[in-house]
Amino acid sequence: KQWYQRRVRGGLEPVGDTLEELWISYNLIEKMKGIGVLKKLKVLFMSNNLVKDWSELQKLSELPCLVDLNMVNNPIEEKHSLEGTWRSEIEKKLVKLKKLDGVPIVRQDDEDEG
């Protein structure tokens with residue numbers, strides 16, 4: 001957790017305009033402070049961490065290019081998957097997402113276009 005927090009404070013800003021993929025699984029991450037600087041980020045693999053609050057996932061809505069998110073084995077994903085609400089909640093909160101946890105997202109408007 002401390003490693004990530006140090007990196008976010010001092011390390012993400014210089015790559016904020018260029019970084020397209022971030023693979024940070026297995027890092028005991030609870031908070032996504034500072035992630036909003038990654039304006040070109042398309043892929044975020046953050047499985048097997050400690051994210052448990054919707055407020056943290058809401059920060060991902062600041063990422064205009066994010067299309068692929070993996071949050072498997074985070075407390076928030078496990079809880080809402082058991083309740084059957086995980087995919088629908090993420091789809092509502094992150095409307096540009098095209099893939100969640102390795103599975104394509106099919107939206108009604110996508111079907112209308114095809």
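- Note: Lys79 NZ to Trp86 CH2 = 11.5 Å, rounded to the nearest 0.5 Å.
- Between Lys93 and Ser61, the shortest heavy-atom distance links the atoms O-CB, 4.2 Å.
- In terms of heavy atoms, Arg87 sits closest to Val103 at NH2-O, 3.3 Å.
- Clustering ILVMFWY residues whenever any of their side-chain heavy atoms sit less than 4.5 angstrom apart, transitively, puts Ile90 in a cluster other than the one holding Val95.
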So Lys92 and Glu89, salt bridge (charged side-chain N to carboxylate O under 4.0 Å, His left out) or not? Walk me through it.
CA-CA 5 Å; Lys92 281 190 269 184; Glu89 286 298 317; 3.1 Å; yes
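- Using a 4.5 Å cut-off between side-chain heavy atoms of Ile, Leu, Val, Met, Phe, Trp and Tyr, with links allowed through other members, Leu69 and Val72 fall into different hydrophobic clusters.
- Taking OG of Ser88 as the start and NE2 of His80 as the end, the distance is 10.0 Å to the nearest 0.5 Å.
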Met32 and Leu60: CA distance, side-chain angles, deciding distance, side-chain contact (heavy atoms from CB on, under 4.5 Å) verdict:
CA-CA 8 Å; Met32 295 189 211; Leu60 299 179; 3.7 Å; yes
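- Smallest separation of non-hydrogen atoms from Lys40 and Thr18: CG-N, 4.1 Å.
- Looking at heavy atoms from C-beta onward, Met71 lies in side-chain contact with Leu57 at the 4.5 angstrom threshold.
- In terms of hydrophobic clustering, with Ile, Leu, Val, Met, Phe, Trp and Tyr side chains grouped at heavy-atom distances under 4.5 Å, Leu19 and Val43 are assigned to different clusters.
- Nearest heavy-atom pair across Gly34 and Leu12 is O-CD1, 4.4 Å.
- Side-chain contact between Lys31 and Asp53 is present, with heavy atoms from C-beta onward closer than 4.5 Å.
- Here the straight-line distance linking atom CG of Leu94 with atom CG of Leu66 works out to 6.5 Å at 0.5 Å rounding.
- For the atom pair CD of Glu56 and CD of Glu30, the computed distance is 9.0 Å after rounding to the nearest 0.5 Å.
- Atom CG in Leu44 sits 10.5 Å away from atom CD in Glu21 (nearest 0.5 Å).
- With rounding to the nearest 0.5 Å, the separation of CD1 in Ile24 from CD1 in Ile35 is 5.5 Å.
- The backbone N or O of Asn73 lies less than 3.5 Å from a partner atom in the side chain of Glu77, making a donor-acceptor pair.
- At least one side-chain heavy atom of Pro64 sits less than 4.5 Å from a side-chain heavy atom of Lys39.
- In terms of heavy-atom proximity, Asn49 sits nearest to Tyr26 at ND2-N, 3.8 Å.
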Could you please spell out the steps behind the side-chain contact (heavy atoms from CB on, under 4.5 Å) verdict for Asp68 and Phe45?
CA-CA 8 Å; Asp68 189 351; Phe45 285 6; 3.7 Å; yes
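- In this structure, Trp54 places its CH2 atom where more than 12 heavy-atom neighbours from other residues, nucleotides or ligands lie under 6.0 Å away.
- At least one side-chain heavy atom of Val51 sits under 4.5 Å from a side-chain heavy atom of Met46.
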side-chain contact (heavy atoms from CB on, under 4.5 Å) between Leu97 and Arg107: does it pass, once the steps are laid out?
CA-CA 10 Å; Leu97 211 58; Arg107 300 182 193 278; 3.9 Å; yes
